[in-house]
Each structure stands twice: as structure tokens, then as C-alpha cells.
Q: 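The following block contains the structure, expressed as C-alpha cells.
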There are 2 protein chains.
Amino acid sequence: MGTNGYADRVIQRLRGKKLKITPQRIAILHYLEGNTAHPSAEQIYREVSRAFPTISLATVYNTLDTLERLGELQVVAIDPARKRYDPDTRPHHHAMCTECRTIQDVHTDYGGTIALPDGLRERLQVASVTVHFSGLCRSCSPVTI
Amino acid sequence: MGTNGYADRVIQRLRGKKLKITPQRIAILHYLEGNTAHPSAEQIYREVSRAFPTISLATVYNTLDTLERLGELQVVAIDPARKRYDPDTRPHHHAMCTECRTIQDVHTDYGGTIALPDGLRERLQVASVTVHFSGLCRSCSPVTI
DNA sequence: TTCGATGCAAAGCCTTTGCATCCTG
DNA sequence: CAGGATGCAAAGGCTTTGCATCGAA
């Protein structure tokens, strides 16, 4: 919606790559814009279907794949059951409740405090370092019930 | 095999819980003992099948589930494609090559340098903090080829 | 003898793919 | 109007489940 929003930016990039701007893609981009819920493909499909009832799951997967290859979408590997998607591609961390599987962003910058041990640094060209916090959120915590 | 090894310890715990010590479980435990390869269920099945040709995949999954509930096996959620298992249940971190999907352990203790931001700490009872490094390993790195 | 464990097959999710049709550019 | 995108259905991985049989204790 905003002139500098996610959808607008990605649309420019699609145009630049001579990829097509379809109503389905636009609907998915609008759903993802500012979305911090880390939805699964199925969730994205369900939500976008409400505004766009004829969209197919395959199109959702195709679009997510395209966005990932454009570097405009990140797969979050923290939920062992399914892929979760994040339109925020800045380096950041995640916190998940192991009960309700809610994922929250952690935008703390740990700077250089997290370093690979020397031995490993020679064996792996590190592209990303992410911290995963997990535990029980307030609503899932026994004491709270 | 050793008197203080993984298999022996888990067998004692199975006994304590009145669970059965079957040849299949023993074979799986021996395969897992000291294993730092972070195998998938399929890999465990394939390897254990060589020593134990009649074992079934369902038994492997059942056993992994039992071990996980005993706290003697950890699911590593870093490979988006499948669950990877780790018999080392001490808190530690992982480094994965995004190309060949090899996972290595990182036993660095980051102590208190990794802290949840205040806001989140009130919303999540943190049970574990793990760092995921990812990138290309030497054999998968273009420069090396 | 008992009851948990096994093995087989089927089913259940999640994700990918093939292909005819559609529609953006 | 060309070629990429869509939608449908089928297929493909990974994982779970139902159930009859087996076997450890």
C-alpha cells in the first residue's frame, strides 16, 4: 500500500526481471507486507483465498519460490513440521513457542559476540548466523493457566 | 559399547521406565552412539538395516519418538526438508552447509552474551537458545572447485 | 502370560510437478 | 501473440497410524 512498502518494492523487482505482475502475486504480496506472523504456505493460501477465492495452492508455492529466489522472502527453519515464511529479509532472530508454534522476531544485533570457533571457520563460509529461542509463551505456560 | 556410553545409558533408562529392550532398539542405539552426523530417519533406517535387515521404518520412527520423549534424543530443526536427529542432548549449536546439508556441532558456550530482549522475556519462558550457522562448506564452495 | 513393540500397509501432511489453458506485457 | 503464470490433479517425499502378530519380561 505505502509507496515504499514490501509489495511495491517486490513488484518493481518483478518488473525488472521481466516477470509477470499477476493479481494472484499482488494478493500474496499484500498479505505478506508487514506480516510478522511467519505464516506457513497453507496459512498464506487460506488467507489469500478469502480475498481471491480461485487461487490455488500450487500458485502460492510457485510464488513463494519466486520470492525466495528474488531474495524477497526468507524460509524460517525453526518449526520442524513445516516451512514458515518471513517477508523480512534483514538478518534477525526468532523465538518460537513449542506449544502453539507462534514465532516472534528478535531484532537484537549480537554484533561480533557470536563467532564460529576457529576450527569450523576454515570449513564453513558462513552466510548467516541466526539465534533460535524456544520455550513456552505466556498463554501456553502451565503457571498461567 | 563402553560402560558409560549412550546405548548403555539409554538401556538403563528404558529398563527403569519398564519399556522393552528389543534388538531393534539396541541396533538403533548403537548406530546413534557417538554419531555426530545428524542423520535423518531415513538414513538411520538405511544404516541400521545393514546390520538388521528386517527392521521397518515405522519401528525407527517409533523408537526415535520414544528416545525423544525420554530426553535422550534431540530433533535438530535446521534442515527445512526433514527432521535431523542428534543423540547429543547437551546444549550446543549447529552449523549447516546449505548445499550438501551436512550439519556440524558447535560446542562453543556463548554464556550470557546471547540474551532475549526485555520485551520478549516477559512473553516467552525460554527453554533453549541455539545458534544456527549456515553457509557453504569447503567441498561445496565454488572457489574450491 | 501380558502388554508393549514390531512390521506391514495404508493414510496423512507438506510440497512439487506435468500439462493444458490463461493472460500479462 | 509469445512466453510466463495459473489451476487442477497427480505424484512424491516425509511421517504417522491401525492393526494383527510377535516376543521381552
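All chains are named by letter (A, B, ...) in the order of the sequence lines, taking the proteins before the strands, and each is independently numbered beginning at 1.
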Q: To the nearest 0.5 angstrom, please state how far the CG atom of B/Asp105 sits from the OG1 atom of B/Thr36.
A: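 Here the interatomic distance stands at 6.0 Å.
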Q: Which of these nucleotides, C/dT6, C/dT16, D/dT6, is closest to any side-chain atom of B/Thr63?
A: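 For the B/Thr63 side chain, the nearest candidate turns out to be C/dT6.
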Q: So A/Lys18, base contact, sugar-phosphate only, or nothing? Heavy-atom distance under 4.0 Å.
A: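 The answer is nothing, as A/Lys18 stays clear of every strand by at least 4.0 Å.
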Q: Which nucleotide in the set D/dC14, D/dA5, C/dG7 lies at the smallest distance from any side-chain heavy atom of B/Arg82?
A: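 The closest nucleotide is D/dC14.
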Q: Check every strand shown and say whether B/Thr54 touches a base, only sugar-phosphate, or nothing at a heavy-atom separation below 4.0 Å.
A: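 Here B/Thr54 touches the backbone only, sparing every base.
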Q: Could I get a table of every N or O pair under 3.5 Å where one atom is in the protein and the other is in nucleotides 23-25 of chain D?
A:
unit_1: D/dG23; atom_1: N2; unit_2: B/Lys20; atom_2: NZ; d: 2.7
unit_1: D/dA25; atom_1: OP1; unit_2: B/Ile21; atom_2: N; d: 3.4

Q: Could you state the atom-to-atom distance from CG of A/Leu70 to C1' of D/dG4 in whole Å?
A: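 Atom CG in A/Leu70 sits about 14 Å away from atom C1' in D/dG4.
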Q: In this structure, would A/Val75 and A/Tyr31 fall into the same cluster of hydrophobic residues linked by side-chain contacts under 4.5 Å?
A: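 Yes, one cluster joins them.
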Q: Starting from the 5' end of DNA chain D, give me the residue, A/Pro80 or A/Gln24, whose nearest nucleotide shows up first.
A: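 This one resolves to A/Gln24.
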Q: CZ of B/Arg15 to CZ of B/Arg13: how many Å apart, nearest 0.5 Å?
A: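 These two atoms lie 13.5 Å from each other.
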Q: What distance do A/Leu29 atom CG and A/Asn35 atom CG have between them, rounded to the nearest 0.5 Å?
A: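 These two atoms lie 12.0 Å from each other.
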Q: Should the pair B/His94 and B/His38 be assigned to parallel (<30°), tilted (30 to 60°) or perpendicular (>60°) ring geometry?
A: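 Ring orientation, 0 to 90° scale: perpendicular.
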Q: How close or far is atom P of D/dT6 from atom CG of A/Leu14, stated in whole angstroms?
A: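 After rounding, the gap between these two atoms is 10 Å.
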Q: From CZ of A/Arg84 over to P of C/dT15, roughly how many Å is that when rounded to an integer?
A: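 So the CZ-P distance, A/Arg84 to C/dT15, works out to 11 Å.
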Q: If the cut-off is 4.0 Å, is A/Thr59 near the phosphate of D/dG7, judged by side-chain N/O to OP1 or OP2?
A: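 Yes, within the criterion.
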Q: When you check the phosphate oxygens OP1 and OP2 of C/dC14, does a side-chain N or O of B/Lys83 lie under 4.0 Å from one of them?
A: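 Result: no.
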Q: May I have the distance from A/Tyr61 (atom OH) to D/dA5 (atom C1'), rounded to whole angstrom?
A: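 Going from A/Tyr61 (OH) to D/dA5 (C1'), I get 18 Å.
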Q: Check whether the side chains of A/Ser141 and B/Gln125 place a donor and an acceptor atom closer than 3.5 Å, and report yes or no.
A: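 Looking only at side-chain atoms, B/Gln125 and A/Ser141 do form a donor-acceptor pair, the distance falling under 3.5 Å.
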Q: Under 6.0 Å from the CD atom of A/Glu42, do we count more than 12 heavy atoms belonging to anything else shown?
A: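 Yes, because the 6.0 Å sphere around CD of A/Glu42 holds more than 12 heavy atoms from other groups.
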Q: Among C/dA5, C/dT15, D/dG7, which is the nearest nucleotide to the side chain of A/Leu57?
A: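 Closest of the options to the side chain of A/Leu57: C/dT15.
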Q: Nearest-Å distance, NZ (B/Lys17) to P (C/dA5)?
A: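 About 13 Å, once rounded to whole Å.
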Q: I need the CD1-P distance between A/Ile55 and D/dC8, as an integer number of Å.
A: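 For the pair A/Ile55 CD1 and D/dC8 P, the rounded distance is 11 Å.
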Q: In this structure, how many angstroms lie between the C1' atom of D/dT15 and the CG atom of B/Leu67, rounded?
A: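 So the two atoms are 16 Å apart, to the nearest Å.
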Q: Nearest whole angstrom, please: distance from the P of C/dT16 to the CD of A/Glu42.
A: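 Nearest whole value for this atom pair: 14 Å.
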